[in-house]
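Each residue takes its place number in the sequence, starting with 1.
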Amino acid sequence: MTKTIRTGMFIGVMAGVCGLPALDAQDAQPGRGGRGGATEMWWVEKTTGGVYNPPMRPLWKMADLTRMHTGQSSWQELIIKDPEQEATYNGAAPSTRVTPRLHPDTPTIFVVIAGELRFTVEGQQPVTATRGSIVNIMKTTIFSFEIIGTQNALWVEVNPANYKTVVPASGPQPALTAGGRVVRVSFNHTPGPYAPPNQLHWNLFDDGFGKCAPVGPKVLDDHIFASPLIGYLNPADNKCGGGRGNVGGGPAQGTFDPKSTFGHMHAGPAEWWIVQAGAISGRFEGVGEFHAMEGDVLYAAPMTWHQMGAEATSGPSVRLAMGGYPLINMFNTDGQ
C-alpha cells in the first residue's frame, strides 16, 4: 500500500508578479485581477510561515549593526544565508582596499548604504558608488574596490548560495578562511556580458530621481534579482510624475494580528528588502509588525504571509526588493 506524506496544507491563492513597478501586490484585491490579466485561482501547499533560522530575522537595523561593531575599522556581518542567497552587511574605513578577485560561476551585487566605494571592474571604466548605488558584477569578471573619501562606508554584498571566490595567483596566496586548504589551479576566463536590465552601476538618486528613469528591475541574473520599489504618500512629492507609485499597503494602521491571513506570500523562496530611502513597514505572519528606516533590511521567511508599506510622511519611501529571481505574488483569498 502506498502512503502519501503531507508536509503542509493546501490553500487557495490568486497570483501576480513580484518586484515590478506600479501598485504593489498587496494592493490588489480579490477579484480585481493581477498584472497581465484576470485573476486566476490556484491551490498551493503552504507550510508554516514566519520561521526564521539564524542569521535571518525579520528586521536587521543598521543602527544595531554599526553598534555591534563599534571600534572596528573593517567588519562584516552575515545577515542572510538561505537556500538561494548569502548576504553580508559590511563596514570599512577610508583607504580600505579589497584586492582583485572573481567569482567563477556566479554574479555578485553591492548595494551601497553610505560612503564612497571606487570599483575597478575588468572590461569596464572605473565607477564610484555612493548612497543609493547598485553595483552589478557579472560572473567570471575580475573586480576590486577601495573605500575613498572621508566617510566610513556601509554596503550590503549579495551572492548566490554556495558561491566561491578565486584570486589571481600572481598575487600573494590568500588566507584560509574556513576548512580545506588553498591550492593553485588553472583555467581561462572571459568577463560575463551585460544584458538588459543588467548594467555595471545604477544609482537611485542620480539615475532614478535625477533622470526620472523608468522604474523596474535593475538586476536580473542567475539567483540574483533586485528591483527598487518607489512610493510617495503625498503624490505632490513625486517630481517625476506617476502619482503615489508603489506605496504597498501604506502606513500600517489598526490592530494587527500576525496569526491572521493577509497580504501575499511566495511559494517557497524568501523575499527581502533593503530600505534605500524613507521608511518602510513590514507585517509578517507569525512574528509581528516591523518598521524600518534607510539602511535597514527586512526579510519575509519562505511561505510567509506579508504586507509591506511606505511610511515616510514626505519624500520617497524606497525598498529594494531582493530575491533569487522574480517571484509570483500569491494573494490570500480569505472571504471569497
Side-chain angles (χ1 to χ4, degrees), residues 55-57 59-81 85-103 106-122 124-138 141-160 163-168 171-178 182 200-206 218-219 224 226 272-277 292-299 318 320 322:
M56 280 76 73
R57 57 179 65 175
L59 173 63
W60 277 100
K61 294 194 70 66
M62 179 181 69
D64 293 339
L65 285 158
T66 55
R67 191 179 303 113
M68 289 165 58
H69 296 280
T70 299
Q72 300 178 27
S73 60
S74 181
W75 55 270
Q76 182 179 84
E77 187 74 33
L78 182 66
I79 61 171
I80 292 171
K81 186 178 176 61
Q85 295 180 325
E86 293 185 23
T88 58
Y89 212 114
N90 304 266
S95 299
T96 300
R97 289 179 170 82
V98 173
T99 56
R101 62 201 52 218
L102 67 75
H103 297 158
T106 56
T108 185
I109 69 170
F110 297 82
V111 180
V112 179
I113 307 300
E116 298 179 71
L117 288 74
R118 182 72 166 171
F119 281 84
T120 300
V121 179
E122 185 178 14
Q124 307 290 328
Q125 293 297 314
V127 296
T128 298
T130 58
R131 170 183 174 239
S133 284
I134 302 171
V135 178
N136 185 5
I137 310 293
M138 296 287 98
T141 301
I142 299 173
F143 69 95
S144 62
F145 64 93
E146 63 177 319
I147 312 305
I148 62 175
T150 59
Q151 180 185 3
N152 282 12
L154 295 171
W155 70 94
V156 178
E157 179 180 345
V158 186
N159 289 283
Y163 76 99
K164 300 297 183 237
T165 302
V166 301
V167 301
Q173 178 175 310
L176 187 64
T177 55
V182 177
L200 173 61
H201 178 241
W202 184 87
N203 184 275
L204 171 68
F205 301 98
D206 297 336
K218 302 306 175 187
V219 179
I224 296 186
W272 57 286
W273 306 263
I274 302 171
V275 181
Q276 292 189 288
M293 307 294 291
E294 182 174 335
D296 295 347
V297 176
L298 291 153
Y299 183 94
V318 184
L320 183 64
M322 304 289 300

Is there a side-chain contact between Ile137 and Val121 in this structure, where contact means two heavy atoms from C-beta onward sitting under 4.5 Å apart? yes
What I'd like to find out is whether the side chain of Ile224 reaches to under 4.5 Å of the side chain of Pro107, using heavy atoms alone. yes
Name all residues meeting the ring pair (Phe, Tyr, Trp, His ring centres under 6.0 Å) criterion together with Tyr89; count only those two or more places apart in sequence or in a different chain, and write none if there are none. none
How would you list, by chain and number, every residue that makes a side chain to side chain donor-acceptor pair (under 3.5 Å) with His201, sequence neighbours excluded? Ser133
Side chain to side chain donor-acceptor pair (under 3.5 Å) partners of Gln124, counting only residues at least two apart: none
Taking the side chain as C-beta and beyond, is there a heavy-atom pair between Leu200 and Val135 under 4.5 Å? yes
My understanding is that only residues two or more places apart in sequence, or in another chain, count here; which of them pass ring pair (Phe, Tyr, Trp, His ring centres under 6.0 Å) with Trp202? none
With sequence neighbours left out, write down each residue that passes ring pair (Phe, Tyr, Trp, His ring centres under 6.0 Å) with Tyr163, or none if nothing qualifies. His103
Who pairs with Thr99 by side chain to side chain donor-acceptor pair (under 3.5 Å), at least two apart in sequence or on another chain? Arg101
With sequence neighbours excluded, tell me which residues meet side-chain contact (heavy atoms from CB on, under 4.5 Å) with Pro174. Val167, Val182
With sequence neighbours excluded, residues passing ring pair (Phe, Tyr, Trp, His ring centres under 6.0 Å) with Trp273: His306
Who pairs with Asp206 by salt bridge (Lys or Arg N to Asp or Glu O under 4.0 Å), at least two apart in sequence or on another chain? none
Counting N and O atoms only, with roles assigned by atom type, does the side chain of Thr106 sit under 3.5 Å from a partner on the main chain of Pro160, one being a donor and the other an acceptor? no
Hey, are Asn90 and Gln76 close enough side-chain-wise for a donor-acceptor pair under 3.5 Å? yes
Decide yes or no for Asn159 and Thr88: does some side-chain heavy atom of the first lie under 4.5 Å from some side-chain heavy atom of the second? no
Under 3.5 Å, is there a donor-acceptor pair between the Trp60 and Glu77 side chains? no
For the residue pair Ile134 and Val219, establish whether any side-chain heavy-atom pair is separated by less than 4.5 Å. yes
Could you tell me which residues satisfy salt bridge (Lys or Arg N to Asp or Glu O under 4.0 Å) with Arg131, sequence neighbours excluded, listed by chain and number? Glu294
4.5 Å side-chain heavy-atom contact, Val111 and Trp155: no
Would you say Glu146's side chain and Arg97's backbone share a donor-acceptor pair under 3.5 angstrom? no
Considering residues at least two apart in sequence or located in another chain, which fulfil the salt bridge (Lys or Arg N to Asp or Glu O under 4.0 Å) criterion with Glu157? none
Only counting residues at least two apart or in another chain, list the ones meeting side chain to side chain donor-acceptor pair (under 3.5 Å) with Thr128. Arg118
Take a 6.0 Å sphere around NZ of Lys61 and say whether it holds more than 12 heavy atoms from other residues, nucleotides or ligands. yes
